[in-house]
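Below: one structure, written as structure tokens.
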2 protein chains.
Amino acid sequence: MTKQREAVLRVVRSEKCHYTAEEIFERAKEILPEISRATVYNNLHALERDKLIRRITGEDASDRYDSAFIPHGHLYCTECHSISDFNVPDFALTLSGIIGGEIDSYELKVRYICPACSESRATEKRA
Amino acid sequence: MTKQREAVLRVVRSEKCHYTAEEIFERAKEILPEISRATVYNNLHALERDKLIRRITGEDASDRYDSAFIPHGHLYCTECHSISDFNVPDFALTLSGIIGGEIDSYELKVRYICPACSESRATEKRA
DNA sequence: ACAGGATTTAGAATCATTCTAAATTTATTA
DNA sequence: TAATAAATTTAGAATGATTCTAAATCCTGT
């Protein structure tokens, strides 16, 4: 665990982080101004391999990361593109039951319209 | 629905397709030799928007696609990188229950070791 | 201190995807 | 059917996230 890896981990673990590699790079530079982009990528991969962080794929051009404390799903709003977390109780267990074997990890993403956007849509209609 | 869009859809709907855009392009050229890569991308986006096909993200550098008949999850083997489908009964319903609102779509990916690889590992250990 | 192995760095290279602008096709309206 | 508008297609250039490279640096164990 080098100081670079520690810095990357600290950034990803910061509050409500769903950052891209680039954003993590920017923030890691505030801790270690000399850190390079390649190192950030290297460490994101290493930390993901060791299950200290989790990669979130798909909704943008670039991957995002979050801390892996509790397995959870992600909600994407198709209007404002915000990301939030949600939990499916005992889902890992449910999955291994269906699959009939051990699971390494899972990724669950739901696209929907978030309450805020849903509300502002309704307001518009009324107007 | 142009003949190009039809060709792309036909390729994605071919048996057990989990192709990348590039693979779809190669196969679409067998139907329409003049088709261009940009058209394949355009139509993949259009077909996804219209929910005629589904995009699968993440496990490779490039996205993959499959036909969207029945909502289902994907199993990735971490050893041989094969992809297969599986079904979580009534999952869309479960999700909208948890989220408390309507869902646009969901993507569920599970990483595990497939039965074939699991077996060959066991065989190795025995040897 | 020293050897060996892993990590870091800057920048170049790669490669999937998107963009562009012109040409063509399809749909609409007269 | 002719005329016009709107959407789609095309080839190739551009973009941009990520990976690669090769040299420098940092640990670790002796």
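- In plain terms, the two heavy atoms of Leu108(A) and Phe91(A) that are nearest each other are CD2-CE2, 4.0 Å.
- Under the ring-ring contact (aromatic ring centres under 6.0 Å, His included) criterion, His72(B) pairs with His74(B), not counting sequence neighbours.
- Proximity of Gln4(A) to the phosphate of dC26(D): no side-chain N or O atom is located under 4.0 Å from OP1 or OP2.
- At a threshold of 4.0 angstrom between heavy atoms, the contacts of Glu22(B) with the nucleic acid are absent.
- Residue Thr39(B) places at least one side-chain N or O under 4.0 Å from the OP1 or OP2 atom of dT10(D).
- Taking atom CD1 of Ile35(A) as the reference point, atom P of dA24(D) lies 21 Å away to the nearest angstrom.
- Asn42(B) places its CG atom 18 Å from the P atom of dA16(C), with the value rounded to the nearest Å.
- Position along DNA chain C of the nearest nucleotide to Tyr41(B) versus Lys3(A) favours Lys3(A) as the more 5'-ward residue.
- Rounding to whole angstrom units, CZ of residue Phe25(B) and P of dT9(D) are separated by 14 Å.
- Distance CZ (Arg5(B)) to C1' (dT10(D)): 15 Å, rounded to an integer number of Å.
- As a whole-Å value, the separation of His45(B) NE2 from dA16(C) C1' is 11 Å.
- Atom C1' of nucleotide dT18(D) and atom CG of Leu44(A) are separated by 11 Å, given to the nearest angstrom.
- Under a hydrophobic-cluster definition in which Ile, Leu, Val, Met, Phe, Trp and Tyr are linked whenever side-chain heavy atoms come within less than 4.5 Å, directly or via other members, Ile83(A) and Val88(A) are assigned to different clusters.
- For Asn43(B) and dT17(C), the CG to C1' distance is 15 Å, given to the nearest whole Å.
- Going from atom CG of Asp60(B) over to atom P of dT19(D) covers 12 Å, rounded to whole Å.
- For the atom pair Lys3(B) NZ and Ile35(B) CD1, the distance stands at 9.0 Å (nearest 0.5 Å).
- By the 6.0 Å contact criterion, NZ on Lys16(B) is open, its count of non-hydrogen atoms from other residues, nucleotides or ligands being 12 or less.
- Distances shown here put every side-chain N or O of Thr2(A) at or beyond 4.0 Å from the OP1 or OP2 atom of dC27(D).
- Where Arg37(B) and Ser62(A) meet DNA chain D, the nucleotide closest to each residue was compared, and Arg37(B) sits on the side nearer the 5' end.
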